[in-house]
Amino acid sequence: MKLFFAALLLLISAPVFATGEHLQKDNLFPRVKLVTTEGDIVIELDRMKAALTVNNFLTYVDKKMYDGTIFHRLEPNFVLQGGGYDREYIAIKSIKEIPNESGNGLKNIQFSVAMAHQEKGPHTGSNQFFINLNENTSLNPGKTWGYAVFGNVVEGFETLEKIKLLETGLNEKLGWENVPKKPVVIARAILLPAK
C-alpha cells in the first residue's frame, strides 16, 4: 500500500505538460516567437483553419522541444525549414504524426508557415515546419495532398532577409544540399501572452 501511495505521489508531483489544445484554448490566433541566432520571428497561428496542426505545433513549443533546434534547409527563393534537428544535426524525437489539413483554404503564399511531411505519405507531419519565402503554389493541394498552412509570419521579416543571405551547401552528416553553413539556431520557441 505504501508503494502505491509513493507512486501516486510521484505521478502527481511530476511536471505536467499541456497538449496544444489546452494552451490558450479560447485564442483562435495564438502567437509564437522564435528566438533565433539571427533575430526573432513571430508567427501567428490559425487555429480556426488548422486546429490539429496548430495544437500539434503548440505541444512542441510547450514541451520546449524546438529549443536548441536548427533551420536545416534554406532555399532563398523557396523555403526555410526547421524543427527537426538539433545543433549536431541529430533528429529530435517526434511525438506523433498528424493528419494533413492542406484542404483548409490557406495557401502557401510568401511568409506563410506550413507543416512538412515525409515522402512516404501526406499524413506524416510531426515536428518539422517551413516558412514559405516565395509564392509556392506548387505546394498547395490539387492533384496531390500538398502541405498544410497553419500560420503566417507577422514580425521578423528583417530576420528572414538576413537568413536568406546565408551561404548554404552540402551537409555530409545529413547528406543534403541547401543546409546553412552557419547554423541558424532556434534558441527558444515561446508562446506569447494572448492579446
Subject >> Step-by-step side chain to side chain contact (heavy atoms under 4.5 Å, CB included) determination, Leu166 to Leu74 >> reply: CA-CA 9 Å; Leu166 296 175; Leu74 169 61; 4.2 Å; yes
Subject >> Glu97 with Lys120: basic N within carboxylate O range, under 4.0 Å >> reply: yes
Original post:
Out of curiosity, Glu158 CD to Ile163 CD1, how far, rounded to the nearest 0.5 Å?
Top reply: 10.0 Å
Original post:
Do Val32 and Leu192 have side-chain heavy atoms sitting under 4.5 Å apart?
Top reply: no
Subject >> Residue pair Ile186 / Val35, side-chain heavy-atom distance below 4.5 Å >> reply: no
**OP:** I would like to know whether Glu155 and Arg31 meet side chain to side chain contact (heavy atoms under 4.5 Å, CB included); could you show each step before the answer?
**Re:** CA-CA 10 Å; Glu155 293 177 30; Arg31 290 185 172 200; 3.8 Å; yes
**OP:** Report the relative orientation of the aromatic rings in Phe71 and Phe129; use parallel for angles under 30°, tilted for 30 to 60°, perpendicular for over 60°.
**Re:** perpendicular
Original post:
Are any side-chain N or O atoms of Asn127 and backbone N or O atoms of Ser94, one a donor and one an acceptor, separated by less than 3.5 Å?
Top reply: no
Original post:
Counting N and O atoms only, with roles assigned by atom type, does the side chain of Gln110 sit under 3.5 Å from a partner on the main chain of Leu133, one being a donor and the other an acceptor?
Top reply: yes
Original post:
Are Tyr85 and Val79 grouped together when hydrophobic residues (ILVMFWY) are joined by side-chain heavy atoms under 4.5 angstrom apart?
Top reply: no
Original post:
Looking at Tyr60 and Ser126, what are the two nearest heavy atoms and their distance?
Top reply: CE1-O, 3.4 Å
Original post:
For the residue pair Tyr147 and Met115, what are the closest heavy atoms and their distance?
Top reply: CD2-O, 3.5 Å
**OP:** Could you tell me the separation between the CD atom of Glu177 and the CG atom of Leu170, rounded to the nearest 0.5 Å?
**Re:** 5.0 Å
Subject >> Side-chain donor-acceptor contact under 3.5 Å, Glu21 with Thr19 >> reply: yes
**OP:** Identify, with sequence neighbours excluded, every residue that meets salt bridge (Lys or Arg N to Asp or Glu O under 4.0 Å) alongside Lys33.
**Re:** Asp40
Original post:
Do Leu34 and Phe157 share a hydrophobic cluster, counting only Ile, Leu, Val, Met, Phe, Trp and Tyr and linking them when any side-chain heavy atoms are less than 4.5 Å apart?
Top reply: yes
**OP:** Indicate whether the side chain of Asn132 and that of Ser112 have a donor and an acceptor atom separated by less than 3.5 Å.
**Re:** yes
Original post:
Is a donor on one side and an acceptor on the other found under 3.5 Å between the side chain of Asn152 and the backbone of Leu45?
Top reply: no
Original post:
Hey, does the side chain of Thr59 reach the backbone of Gly20 with a donor-acceptor pair shorter than 3.5 angstrom?
Top reply: yes
Original post:
Would the number of heavy atoms belonging to other residues, nucleotides or ligands and lying under 6.0 Å from NZ of Lys25 be above 12?
Top reply: no
Original post:
Are the side chains of Asn77 and Lys164 in touch, meaning some heavy atoms are under 4.5 Å apart?
Top reply: no
Original post:
Can you tell me if Asn104 uses its side chain to pair, donor with acceptor, with the backbone of Val149 under 3.5 Å?
Top reply: yes
Original post:
Any side-chain donor-acceptor pair under 3.5 Å between Asn140 and Asn108?
Top reply: yes
Original post:
Would a 4.5 Å heavy-atom cut-off, applied to side chains only, mark Thr37 and Pro183 as touching?
Top reply: no
**OP:** With the side chain counted from C-beta on, respond yes when Phe111 and Leu160 share a heavy-atom pair under 4.5 Å apart, and no when they do not.
**Re:** yes
**OP:** Could you tell me whether the side chain of Thr168 reaches within less than 4.5 Å of the side chain of Lys181, counting heavy atoms only?
**Re:** no
Subject >> Worked check of ring pair (Phe, Tyr, Trp, His ring centres under 6.0 Å) between Phe57 and Tyr66 >> reply: CA-CA 9 Å; Phe57 184 80; Tyr66 287 137; 5.2 Å; yes
**OP:** Output, in order, the C-alpha distance, side-chain angles, deciding distance and verdict of side chain to side chain contact (heavy atoms under 4.5 Å, CB included) for Ile90 and Lys173.
**Re:** CA-CA 9 Å; Ile90 296 168; Lys173 193 162 189 178; 4.2 Å; yes
Original post:
Can you get from Ile41 to Phe29 by hopping between Ile, Leu, Val, Met, Phe, Trp and Tyr side chains that sit under 4.5 Å apart?
Top reply: no
Original post:
Between Pro30 and Val54, what is the shortest heavy-atom contact and its length?
Top reply: CG-CG1, 4.3 Å
Original post:
Side chain of Asn136, backbone of Leu139: donor and acceptor closer than 3.5 Å?
Top reply: no
Original post:
Which residues satisfy the salt bridge (Lys or Arg N to Asp or Glu O under 4.0 Å) test with Lys96, sequence neighbours excluded?
Top reply: none
Original post:
Between Asn55 and Arg47, do the side chains contain an N or O donor and an N or O acceptor separated by less than 3.5 Å?
Top reply: yes
**OP:** Can you see which heavy atom on Met48 is nearest to which on Leu28, and at what distance?
**Re:** CE-CD1, 3.3 Å
Original post:
Is the distance between the ring centroids of Trp145 and His123 under 6.0 Å?
Top reply: yes
Original post:
Taking a hydrophobic cluster as the set of Ile, Leu, Val, Met, Phe, Trp and Tyr residues connected by side-chain heavy atoms closer than 4.5 Å, whether directly or through intermediates, do Ile70 and Val113 fall within one such cluster?
Top reply: no
**OP:** Return the minimal non-hydrogen interatomic distance between Val179 and His72, and the atom names on each side.
**Re:** CG2-O, 3.3 Å
Original post:
Can any side-chain N or O of Glu101 pair as donor or acceptor with the backbone N or O of Leu52 at less than 3.5 Å?
Top reply: yes
Subject >> Shared hydrophobic cluster for Leu80 and Leu106 (ILVMFWY, side-chain gaps under 4.5 Å) >> reply: no
**OP:** Return yes if a side-chain donor-acceptor contact under 3.5 Å exists between Ser102 and Asn100, otherwise no.
**Re:** yes
Subject >> Side-chain touch Asp62/Leu191, heavy atoms, less than 4.5 angstrom >> reply: no
Original post:
Should Asn171 and Trp176 be marked as a side chain to side chain contact (heavy atoms under 4.5 Å, CB included) after you check the CA-CA gap, both sets of side-chain angles, and the distance that decides it?
Top reply: CA-CA 6 Å; Asn171 180 286; Trp176 296 338; 5.6 Å; no
Original post:
Are Lys49 and Phe150 close enough that some pair of their side-chain heavy atoms sits under 4.5 Å apart?
Top reply: no
Original post:
Can you name the closest pair of heavy atoms from His117 and Thr124 and give their distance?
Top reply: CB-OG1, 3.5 Å
